[in-house]
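Heads up, the thing below is written out as C-alpha cells.
Reckoned from all heavy atoms, side chains included, excluding hydrogens, waters and symmetry mates. First listed ligand is number 1; within each ligand, the first listed atom is number 1.
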Amino acid sequence: MSERFDLIVRGATVVDGSRAPRYRADVGVRGDRIAAIGSLDGNRAAVDIDASGKVVSPGFIDAHTHDDRLMLSAPEMAPKASQGVTTVVAGNCGVSLAPLVLGDRAVPPPLDLIGDTSWYRFASFKSYVEQLESSPAATNAALLVGHTTMRVVAMSDLDRSATKNEIEQMQAMVREALDAGAIGVSTGLYYEPARAAPTEEVIEVCRPLTGRKALYCTHMRDEGDHVTDSLEETFRIGRELRVPVVVSHHKVVGLPNHGRSKETLSLIAARMASQSIGLDCYPYCASSTILSWERTLVATKVLVTWSTPHPEFGGMDLEDVAAKMGIDKRQAVLRLLPAGAIYFSLDEADVQRVLSFEHTMVGSDGLPHDAAPHPRLWGTFPRVLGHYSRGLGLFPLETAVYKMTGLSASTFGLKDRGVLQQGAFADLCVFDAATIDEAASFARPIQPARGIEAVIVNGAITWRDGKPTGARPGRVLRRDVG
Ligand code: ZN
Ligand code: CU
C-alpha cells in the first residue's frame, strides 16, 4: 500500500539521538512530524532526499548560545543551520535581550556581546517572544531570561547586592518571562555587572522558578582557582530552589588549574546522585568574551575579535596590535575598548575529559556579532563529529550525536525533540559521517562546515547545497517535563 509523504529521506543510516546503534531506514515526514521510519520503497513524497551512504540524525540542539538577536537580525541563522543545528538555547550567561529598554543609555558590557543600545527595545519578555513568533527564525529557540539584564533594569548601581525592593522587581520579571515561555533564568556571576550579587540574591531572584518546571543555567562566578566553590554555589542554588541546574561551558581556566577537570567532574558526578545537574561545553581550548586586561593574564595568547574604536584590529593577535600601536599590551587593551577577545587559556586534556563525560552536552557559546569570531560559532558540532569522534575516536558517533540531541532535549525538557522516532518533530540533519568537519579556523573563522547535506526544522528544509533555503520554520519551545 502506497502512502503519501511531504518528504522522505531515503536510504539513510539512522543515528537516532538515544545512543542506540545505527541502522538503515527511510524516514518519512508529514507536516511537522516524523510519520514513518522503515522501508518506504513505493511511497511517494513531494520532496525526496537521497541519503544513501549518509547519516540522518535528529537536528542538533545548541545547548548554549547568544543568538537572542541573531534570530531577529539574520533569521536564516547561517552559522547554526550550516552545522545542522535546528534548536538554539538562547539568553545565556545572564544576558538576554529582554526585558530591557535602554533608550539612550549606553549598553553595559557584557550585554554589548549581543547588541548595541538600539537592540535593547523589548519592555517585556512577552514582546520579545511575540516578535520571534511573528517573524520566526530558521531554528527553534528555547529562551532563558538573564539575571544581568534584569539587574540593569532594576538597579541604578550594579556594584552592590540588590535591595529587597529590587529583588521583588526582578522576581516579577522572572514570573513574566516564564509566563511568556522562558524555560528558566541564566546568570553570569563572573561578569562585572553581576559579580556583586551574593548567592542569596540569586536564590531570591530565582524563587519563582520553584514549582514551575523551570531551570537555572549559570556562567559561574569563577572557572579558575575557585571553580569548586562556584560549583558548590551552583548546586546550593539548585537545592534551595529545588530546580535543575546547568553549568554552562564547563571548563577550568588558567595554567595552574590545568588538569582540575578530574576534580570538577567527580564533584559533579557525586552531587548528581542527589540533585539534577546538567553541563555543556564547547570543543576548543580557547575561550571568548569581552576584552579586559585582567582576562588576558590567564591566557598564553589573545586574539582581538572586535573593537568599536579600532575595528581594523579584529582578528589580530594582541601582541601585534600593541607593537603596531607602539605601546604595551595593557595600554593597547585600554585603547581597544569596548572590544572582544579570544583567550587561549584551557588545557586540551581538560577539554577532552569534559567533552567525553557522560552527561556533557555540546553547546557552541558562539558570539554571532563579532567581526572575527571564535571558530566555535561556525564549527562546534561538525568538529565534535569530525575531529573528536571520527578523528580522535574520543567516543562513537552515536554518543557524539546523543550529546547534541537526545541528552540536550531531556536536560532542557524539549518534548519530542532530539530523538528520531515516529511521532517526534521532524527536526533532522543529514550529513556525511566520513567527511563532516569544521571548515572554520582561528585564522578564517567564518566558514560553513563540510559534510552537512540537508537540515530540516519542523518538516521544512532550512539548509541545502551549502546554503540557507530561506525557510523560517522556527518556533519558540516551552519546557515540558510531564
Ligand atoms: Zn558564558
Ligand atoms: Cu555564554
Side-chain angles (χ1 to χ4, degrees), residues 61-71 79-80 85 87-97 107-115 141-149 151 182-195 197 202 215-224 226-227 230-231 233-234 237 245-254 264 278-292 294-295 298-299 305-306 340-343 345-346 351 354 360-370 373-381 408 411-412:
I61 296 170
D62 192 342
H64 186 105
T65 84
H66 295 284
D67 292 342
D68 304 46
R69 191 260 269 195
L70 188 71
M71 291 187 277
K80 299 303 166 71
V85 170
T87 296
V88 300
V89 180
N92 278 287
C93 299
V95 177
S96 59
L97 213 49
V107 55
L111 268 55
D112 55 353
L113 288 175
I114 60 171
L143 305 171
L144 297 160
V145 60
H147 170 237
T148 300
T149 295
R151 281 192 126 227
I183 63 164
V185 171
S186 78
T187 59
L189 302 175
Y190 163 79
Y191 289 107
E192 289 78 355
R195 224 173 244 180
V202 177
L215 44 75
Y216 172 77
C217 302
T218 182
H219 181 157
M220 299 193 301
R221 213 178 276 284
D222 192 305
E223 298 177 314
H226 304 290
V227 62
S230 287
L231 284 169
E233 178 184 35
T234 303
I237 292 166
V245 298
V246 173
V247 176
S248 295
H249 43 61
H250 183 47
K251 55 183 170 300
V252 283
V253 177
T264 61
L279 69 161
D280 61 79
C281 98
Y282 50 77
Y284 297 87
C285 54
S287 65
S288 183
T289 185
I290 44 177
L291 176 65
S292 75
E294 187 190 20
R295 291 183 177 99
V298 294
T305 52
W306 59 275
I342 292 167
Y343 303 93
S345 58
L346 311 177
V351 172
V354 174
T360 304
M361 306 176 281
V362 177
S364 71
D365 201 8
L367 297 170
H369 313 295
D370 288 10
H374 188 304
R376 68 194 186 189
L377 175 65
W378 289 81
T380 290
F381 294 84
S408 316
T411 302
F412 290 104

- Determine whether the side chains of His250 and Thr264 contain a donor N or O and an acceptor N or O closer than 3.5 Å. yes
- Query: So, His249 and the Cu ion (ligand 2): N/O/S under 2.8 Å, yes or no?
  - Reply: no
- Asn92 and His66 side chains, donor-acceptor separation under 3.5 Å: no
- Under-2.8 Å protein N/O/S neighbours of the Zn ion (ligand 1), ordered by chain then residue number: Cys93 SG, His219 ND1, His249 NE2
- Note on the structure: When every non-hydrogen atom of Pro283 is compared with those of Thr380, the smallest separation belongs to CD-CG2, 3.5 Å
- Task: Consider only side-chain N and O atoms of Asp62 and Ser364, and report whether a donor and an acceptor are under 3.5 Å apart.
- Result: yes
- Note on the structure: Scanning both residues in full, the closest heavy-atom pair of Val354 with Cys281 reads CG1-CB, 3.8 Å
- Item | Pro109: side-chain contact (heavy atoms from CB on, under 4.5 Å) partners, not counting sequence neighbours | Asp112, Ile290
- Do Arg376 and Tyr282 meet the cation-pi criteria used here (NZ or CZ under 6.0 Å from the six-membered ring centre, within 45° of the axis)? yes
- Query: Which word best sums up how the rings of Tyr190 and His219 line up, parallel for under 30°, tilted for 30 to 60°, or perpendicular for over 60°?
  - Reply: parallel
- Note on the structure: Output field for angle at the Cu ion (ligand 2), His66.NE2 vs Cys93.SG, rounded to 10°, should show 110°
- Item | For the Cu ion (ligand 2): the N/O/S atom of His64 at shortest distance | NE2
- Checking distances from the Cu ion (ligand 2), one finds that the N, O or S atom of Asp365 closest to it is OD1
